[in-house]
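Data block below; observations after.
For reference, positions follow the sequence shown, starting with 1. What's counted below: heavy atoms across the whole structure, side chains too, no hydrogens, waters or symmetry copies.
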Amino acid sequence: MPTLDVLRALSIIPVVVLHTGGTAATYIGFLGSYGVLLFLCISGFLLSFLAFEEIKRNGHFK
């Protein structure tokens, strides 16, 4: 799912801006916590999707 990988990568930008400081952090930095939340939600979805695909294909998860 390349589209979700791109969205996951974009969700990290506010986190990086927040940690670098400066004037951009004032305007974009408050989105840092939402970026982390979005990243974790998408990652959980992708991991669950891959696990269920493995179970469907092989009958078990290894």
Side-chain angles (χ1 to χ4, degrees):
M1 296 185 169
T3 307
L4 289 179
D5 287 337
V6 171
L7 186 59
R8 200 167 64 148
L10 290 175
S11 69
I12 295 302
I13 292 173
V15 177
V16 172
V17 170
L18 176 66
H19 285 283
T20 57
T23 57
T26 305
Y27 300 106
I28 300 174
F30 72 94
L31 296 173
S33 59
Y34 293 114
V36 171
L37 181 63
L38 181 62
F39 179 84
L40 292 175
C41 288
I42 293 172
S43 296
F45 172 77
L46 288 173
L47 288 172
S48 299
F49 179 79
L50 291 173
F52 285 125
E53 286 293 313
E54 178 79 15
I55 292 170
K56 187 167 59 171
R57 188 176 357 165
N58 298 328
H60 57 82
F61 179 73
K62 229 178 195 183

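- Residues Phe45 and Leu38 are members of one and the same hydrophobic cluster, defined by side-chain heavy-atom contacts under 4.5 angstrom among Ile, Leu, Val, Met, Phe, Trp and Tyr.
- In terms of heavy atoms, Leu4 sits closest to Ile42 at O-CG2, 3.9 Å.
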Check residues 11-19 and write down every donor-acceptor pair under 3.5 Å in which the side-chain atom is one partner and the other belongs to a residue at least two apart or another chain.
residue: Ser11; atom: OG; partner: Arg8; partner atom: O; Å: 2.6

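- Here CZ of Phe52 is found 11.5 Å from CG of Leu47. Values are rounded to the nearest 0.5 Å.
- Counting heavy atoms from C-beta on, the side chains of Leu46 and Asp5 come closer than 4.5 Å.
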